[in-house]
Amino acid sequence: MSLLQWLDYAAVFVFAVTGALAASRAQLDIVGFLFLGCLTAVGGGTLRDMILGRDQVFWVADPGMILSACLAAVLVFFTAHLLESRLRALEWFDAMALSVAVPAGVGVALGMGQDWPIVLIMGVATGTFGGLMRDVVANEVPLILKQGQLYATAALAGAGVAVLADTAGGPQWVALLSCAAVTFALRAGSMAFGWCLPVYKSRPPRR
Amino acid sequence: MSLLQWLDYAAVFVFAVTGALAASRAQLDIVGFLFLGCLTAVGGGTLRDMILGRDQVFWVADPGMILSACLAAVLVFFTAHLLESRLRALEWFDAMALSVAVPAGVGVALGMGQDWPIVLIMGVATGTFGGLMRDVVANEVPLILKQGQLYATAALAGAGVAVLADTAGGPQWVALLSCAAVTFALRAGSMAFGWCLPVYKSRPPRR
Amino acid sequence: MSLLQWLDYAAVFVFAVTGALAASRAQLDIVGFLFLGCLTAVGGGTLRDMILGRDQVFWVADPGMILSACLAAVLVFFTAHLLESRLRALEWFDAMALSVAVPAGVGVALGMGQDWPIVLIMGVATGTFGGLMRDVVANEVPLILKQGQLYATAALAGAGVAVLADTAGGPQWVALLSCAAVTFALRAGSMAFGWCLPVYKSRPPRR
């Protein structure tokens with residue numbers, strides 16, 4: 001199994017955990033866990049594959065992806081009550097999933113020889129859209145919109161590092177692993193230490 | 001016209017009715033009825049066709065689908081005030097639409113020779129995404145997220161029966177009609193008699 | 001550069017402005033502006049290209065589109081505080097973006113020789129989906145759902161004029177520019193003078 005496939009598997013499994021945690025917060029039944037788990041797990045990668053026009057969406061080519069997402073959802077169904085805060089767990093698993101999904105998007109776009117703006121977008125989109133769909137469907141405020149946190153920024157910085165490393169000409173696994181490391185470091189630092197960029201503050205009240 | 005085309009037509013028409021009912025609840029004008037009607041009508045099948053990489057999305061290949069959705073929207077525009085409860089009507093029409101859209105998704109995936117996990121997903125996705133888009137756009141809580149109801153479960157059970165019937169080797173129409181019957185029976189039973197699966201209940205309060 | 005490419009560029013730039021204004025209302029950081037700007041800018045056209053099965057999504061074929069959306073987002077980040085009402089500005093820029101995106105959708109569908117119902121749908125979908133995604137993600141009530149305003153109606157009327165002009169056999173630029181003019185006139189008239197179609201009013205209270 002190539003590094004790229006491994007990243008896809010990891011993203012699918014960990015995103016499915018976050019989708020199932022969202023289902024537990026909405027008090028759904030087991031099929032609701034499977035539904036939100038799979039939607040979150042494959043949402044970003046499906047969009048990537050449809051936009052890039054790949055021959056097959058990755059999980060249609062490899063149904064094992066779906067089974068792995070279902071496994072994650074079932075595990076969460078039987079263990080989520082052990083967590084002290086499911087929201088906190090959801091956010092940390094989401095950070096991990098983001099950190100493997102961004103390089104999964106970047107790697108596919110690089111492998112198809114896309115220009116760097118497309119590679120950046122594919123990294124960010126693959127990393128963020130699964131979680132965005134989860135939050136929109138579960139009626140929660142999207143994590144990506146939380147003020148004063150690095151989220152899209154972490155994804156964009158990770159994708160940027162991968163593009164630089166690829167341009168520098170090193171082996172692909174260096175680019176992809178640096179991407180994962182930078183994304184996770186920024187996102188985790190933001191959650192743990194409050195790292196953020198200055199946000200837009202309007203002078204007049206919101207109108 | 002094949003059974004599969006007939007199922008697509010029925011799903012389009014009945015889902016358009018539910019979209020138009022949602023438009024009536026949001027007090028839109030006639031074009032708003034057409035918009036929400038068409039979005040709901042073709043949403044699930046469009047996703048199915050894009051994911052499976054069919055040559056053409058079903059309603060681009062047959063624009064009669066769009067006209068049939070528009071007809072449904074116009075009918076609702078002029079008759080919805082006769083209903084005692086538009087929400088109740090929306091839910092029952094949605095149950096009918098689900099029951100024809102799931103076999104429509106399953107049938108296409110089986111016809112392309114997909115593996116059974118893909119067939120199940122395509123059944124559930126074709127059945128549920130139109131209604132999900134309708135509810136997200138109309139700012140209502142998605143029906144699929146209502147606690148203590150069978151919705152995704154009904155779709156998954158119906159798709160599962162179709163996969164079993166197909167594996168058993170009977171003719172396709174038996175598989176598709178059993179799928180529709182099982183889906184409708186479970187969904188309707190849930191609405192009428194409160195059938196449900198146990199939902200996830202956290203011990204600590206929602207955090 | 002053809003008229004059609006020019007329309008795509010204009011739609012991308014102006015929709016990106018509206019996405020960035022939505023980001024300013026949600027008090028996001030600069031990457032949040034880029035994210036919502038790009039999502040709004042390319043959302044409608046991406047859906048159009050995926051549904052019509054074009055060889056490449058328009059902004060994958062021309063990454064300059066993405067850079068132009070990013071430029072718009074950065075401009076708004078540094079100037080939005082100068083606006084008296086960002087909501088009012090968002091609505092007027094959205095009207096302009098709608099008026100160039102509808103002919104951009106219609107032009108592509110006509111160029112592929114699609115039937116008129118498909119051309120109408122592609123015009124409306126290209127014009128409205130970017131803004132719809134912006135509003136759903138930013139948790140605002142979609143502009144297209146505001147009661148007593150012409151929005152989908154303006155898009156549909158503009159697309160209808162283009163189909164008529166094309167059937168009449170004039171040059172394509174006449175059809176596309178009339179489409180833009182009609183769409184903008186109806187939408188602007190609705191915002192400035194309250195033009196609207198009768199909305200559905202239920203006799204019994206909303207149930």
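Because the structure is a prediction, the values reported are computed rather than measured.
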In short, A:Trp59 meets B:Ile118 closest at the heavy-atom pair O-CD1, 3.3 Å
Under 4.5 Å to a heavy atom of chain A? For B:Leu120 that would be neither
Greatest number of non-hydrogen atom pairs under 4.5 angstrom with chain A, of B:Ala125, B:Ala155, B:Ala152, falls to B:Ala152
Okay, A:Phe35 and chain B: the region with an atom under 4.5 Å from a heavy atom over there is side chain
Rounded to the nearest 0.5 angstrom, the CD1-CG distance for A:Ile30 and B:Leu197 is 9.0 Å
All heavy atoms of B:Pro142 vs all of A:Asn139, minimum pair found to be CD-ND2, 4.1 Å
Assert top hit (heavy-atom pairs under 4.5 Å, partner chain A, pool B:Leu132, B:Asp135, B:Leu52) equals B:Leu132
When the 4.5 angstrom heavy-atom criterion is applied to B:Leu145 and chain A, the contacting part is both
Okay, B:Val141 and chain A: the region with an atom under 4.5 Å from a heavy atom over there is both
Rounded to the nearest 0.5 angstrom, the CG-CE distance for A:Asp49 and B:Met50 is 12.5 Å
| Would the number of heavy atoms belonging to other residues, nucleotides or ligands and lying under 6.0 Å from OH of A:Tyr9 be above 12? | yes
Most contact-rich option vs chain B, by heavy-atom pairs under 4.5 angstrom, among A:Ile66, A:Leu39, A:Val60, is A:Val60
Closest heavy-atom pair, A:Leu67 versus B:Trp116, reported as atoms and distance to 0.1 Å, is CD2-CH2, 4.2 Å
Practice task
Look at atom CZ of A:Phe129 and say whether more than 12 heavy atoms of other residues, nucleotides or ligands are closer to it than 6.0 Å.
Solution key: yes
The interface call for B:Leu156 against chain A, heavy-atom contacts under 4.5 Å, is side chain
Taken to the nearest 0.5 Å, the spacing of B:Ile121 CD1 from A:Leu34 CG works out to 9.0 Å
